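If you're wondering where the values come from, they're calculated on a predicted model, not measured in any experiment.
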Amino acid sequence: MKAVLVVHGGAWAIPDELADASVKGVKAAASEGYRVLGTGGSALDAVEKAVRAMEDNPVFDAGHGAVLNADGEVELDAIIMDGQTLGSGAVSCVQNIANPVSLARAVMEKTDHVMLTSRGANLFAERIGFKTAPTETLVTAYERREWEKAKEYGAGVKELFHSQLCHDTVGAVAVDSCGNVACATSTGGIRNKMVGRVGDSPVIGAGGYADNRSGAVSCTGHGESILKVTLARLIIFHIEQGKEVEDAVELSLRYMDERVHGGGGAIAVSPSGQWAATFTTERMAWAAAEQGTLWYGLNPQERFQDKPVQ
């Protein structure tokens with residue numbers, strides 16, 4: 001069975017000054033996740049590893065690069081899902097957690113629940129001895145400046161999403177050598193969001209979905225739009241109906257644009273190793289590793305090939 005890992009660093013109007021760093025970041029994350037698969041590791045371990053790499057990279061809106069809400073606070077969301085068992089864990093509105101994807105996995109493996117939110121999620125993290133991080137270590141100087149600009153701009157979050165004043169989500173999907181699939185998605189949300197706002201990222205069937213019978217998906221874009229069409233599950237539905245993976249993603253993104261005028265992107269992989277990285281926004285940094293080769297892109301219709309993954 002061919003092992004494949006695909007990552008995205010968010011679908012949005014990535015400015016030129018962040019373009020190179022975004023591409024470099026997704027290539028590094030894909031390489032880290034693929035190394036897990038290359039040593040016989042599971043798809044679940046691979047997507048967690050890849051997403052942690054992006055949470056640790058301040059260029060992305062997750063973990064150490066998270067955006068600020070209306071009160072200048074960091075509130076993080078994440079999901080992880082195992083396609084073999086349909087086991088899933090998610091957290092929303094957590095604070096002082098550098099790697100919320102790993103806390104989401106702990107929810108899946110150490111509780112009887114699927115999602116914990118806000119204070120409850122942080123109390124759970126404290127109870128299991130999960131490492132926390134001071135808020136100031138999660139916020140970059142760049143984000144502080146951009147947050148101040150957004151406050152002065154006075155626009156709503158949907159308008160901000162279509163400007164260069166907004167970051168977005170990271171995610172990963174994988175299929176391992178046993179044919180098991182998994183997904184993970186993590187985000188700091190949309191800059192200047194209302195306190196307590198939860199987008200699509202931690203919601204099963206919206207921000208991500210994984211099922212060995214069909215495939216795995218991680219979504220990115222305008223969260224409220226993704227929630228309205230349950231984008232991840234819609235993509236899986238089209239795959240179940242016999243569509244090729246790339247066609248399933250394109251059809252679903254087109255439907256979201258037509259139905260609720262929402263932009264975004266998604267990565268997907270099938271149990272047989274078909275994969276796609278597609279978006280309707282200006283840019284989306286993505287990378288895919290398969291059979292020792294690294295593919296990547298940023299602008300529409302781009303697909304570059306890099307040196308084999310080491």
K.L.:
Scan for side chain to side chain donor-acceptor pair (under 3.5 Å) pairs involving residues 241-254, sequence neighbours excluded, and state none if there are none.
P.N.:
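Those involving residues 241-254 are Glu244-Gln274.
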K.L.:
Would you name the heavy atoms of Ser218 and His8 that are closest together and state the gap between them?
P.N.:
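Taking every non-hydrogen atom into account, OG-NE2, 3.0 Å.
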K.L.:
For Tyr34 and Gly292, indicate whether the former's side chain and the latter's backbone hold a donor-acceptor pair under 3.5 Å.
P.N.:
yes
K.L.:
Does a side-chain heavy-atom distance below 4.5 Å link Leu86 with Met81?
P.N.:
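Answer yes - side chains close enough.
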K.L.:
Kindly work out whether a path of hydrophobic side-chain contacts (I/L/V/M/F/W/Y, heavy atoms less than 4.5 Å apart) joins Leu253 to Met284.
P.N.:
no
K.L.:
Could you list all the side chain to side chain donor-acceptor pair (under 3.5 Å) pairs where at least one residue sits in residues 100-111, not counting sequence neighbours?
P.N.:
Asp45-Arg105, Glu48-Ser102, Glu48-Arg105, Arg52-Ser102, Arg105-Glu109
K.L.:
What residue among Asn122, Thr132, Thr135, Thr137 forms side-chain hydrogen bond (donor to acceptor under 3.5 Å, both in side chains) with Asn96?
P.N.:
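Only one option passes, and that is Thr135.
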K.L.:
Are Val36 and Leu44 in one and the same hydrophobic cluster, where Ile, Leu, Val, Met, Phe, Trp and Tyr link if side-chain heavy atoms are under 4.5 Å apart?
P.N.:
no
K.L.:
Going through the checks in order, is the side chain to side chain donor-acceptor pair (under 3.5 Å) test met by Asn69 and Asn192?
P.N.:
CA-CA 4 Å; Asn69 67 16; Asn192 215 30; over 6 Å; no
K.L.:
Any side-chain heavy atom of Ser22 within less than 4.5 Å of one from Val26?
P.N.:
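Counting from C-beta outward, Ser22 and Val26 never come under 4.5 Å.
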K.L.:
Does the side chain of Val47 reach to within under 4.5 Å of the side chain of Ile80, using non-hydrogen atoms?
P.N.:
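Contact flag for Val47/Ile80 side chains = yes.
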K.L.:
Closest heavy-atom contact between Asp176 and Gly41?
P.N.:
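Closest approach of Asp176 to Gly41, heavy atoms only: CB-O, 3.7 Å.
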K.L.:
Val94 and side chain to side chain contact (heavy atoms under 4.5 Å, CB included): which single residue from Leu103, Val74, Asp77 fits?
P.N.:
Leu103
K.L.:
Any heavy-atom pair between the side chains of Tyr255 and Val229 that's under 4.5 Å?
P.N.:
yes
K.L.:
Going by heavy atoms in the side chains, are Val170 and Val51 under 4.5 Å from each other?
P.N.:
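Touching, per the 4.5 Å side-chain cut-off.
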K.L.:
Would Ile79 end up clustered with Val203 when hydrophobic side chains under 4.5 Å apart are linked, directly or stepwise?
P.N.:
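Shared cluster, no.
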K.L.:
Is the shortest heavy-atom distance from the side chain of Val175 to the side chain of Asn180 under 4.5 Å?
P.N.:
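No; the side chains remain at least 4.5 Å from each other.
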K.L.:
How many angstroms lie between atom CD of Glu143 and atom CG of Asp61, to the nearest 0.5 angstrom?
P.N.:
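One gets 7.5 Å once the value is rounded to the nearest 0.5 Å.
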K.L.:
Just so I know, are the side chains of Gln305 and Leu294 near enough to count as touching, which here means a heavy-atom distance under 4.5 Å?
P.N.:
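Gln305 does not reach Leu294 side chain to side chain.
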K.L.:
Sequence neighbours left out, what passes salt bridge (Lys or Arg N to Asp or Glu O under 4.0 Å) with Glu302? Give chain and number order.
P.N.:
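Salt bridge (Lys or Arg N to Asp or Glu O under 4.0 Å) check on Glu302 returns nothing, list empty.
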K.L.:
Would you please name every residue forming a salt bridge (Lys or Arg N to Asp or Glu O under 4.0 Å) with Asp211, sequence neighbours left out?
P.N.:
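With sequence neighbours excluded, Asp211 shows a salt bridge (Lys or Arg N to Asp or Glu O under 4.0 Å) to no residue whatsoever.
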K.L.:
If I compare all heavy atoms of Gly9 with all of Phe60, which pair ends up nearest, and what's the gap?
P.N.:
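So the two residues come closest at O-CD2, 3.6 Å.
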K.L.:
Taking salt bridge (Lys or Arg N to Asp or Glu O under 4.0 Å) as the cut-off, I'd like each qualifying pair that reaches into residues 118-142, sequence neighbours left out, listed once.
P.N.:
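As it turns out, there is no salt bridge (Lys or Arg N to Asp or Glu O under 4.0 Å) pair with a partner in residues 118-142 once direct neighbours are skipped.
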K.L.:
What residues, two or more places apart in sequence or in another chain, satisfy salt bridge (Lys or Arg N to Asp or Glu O under 4.0 Å) together with Lys27?
P.N.:
Asp306
K.L.:
Quick one, Ile267 and Val217 - any side-chain contact, counting heavy atoms below 4.5 Å?
P.N.:
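No. Closest side-chain heavy atoms not under 4.5 Å.
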K.L.:
Step by step, would you call Gln84 with Asn212 a side chain to side chain donor-acceptor pair (under 3.5 Å)?
P.N.:
CA-CA 5 Å; Gln84 184 177 18; Asn212 276 10; 5.4 Å; no
K.L.:
When hydrophobic residues are tied together by side-chain contacts of less than 4.5 Å, even through go-betweens, does Phe279 share a cluster with Val7?
P.N.:
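No, it is not one cluster - the side chains of Phe279 and Val7 are not joined through contacts under 4.5 Å.
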K.L.:
Is there a continuous path of hydrophobic side-chain contacts, each under 4.5 Å between heavy atoms, that joins Ile226 to Met115?
P.N.:
no
K.L.:
Step by step, would you call Trp275 with Glu290 a side chain to side chain donor-acceptor pair (under 3.5 Å)?
P.N.:
CA-CA 10 Å; Trp275 61 271; Glu290 60 173 346; 3.2 Å; yes
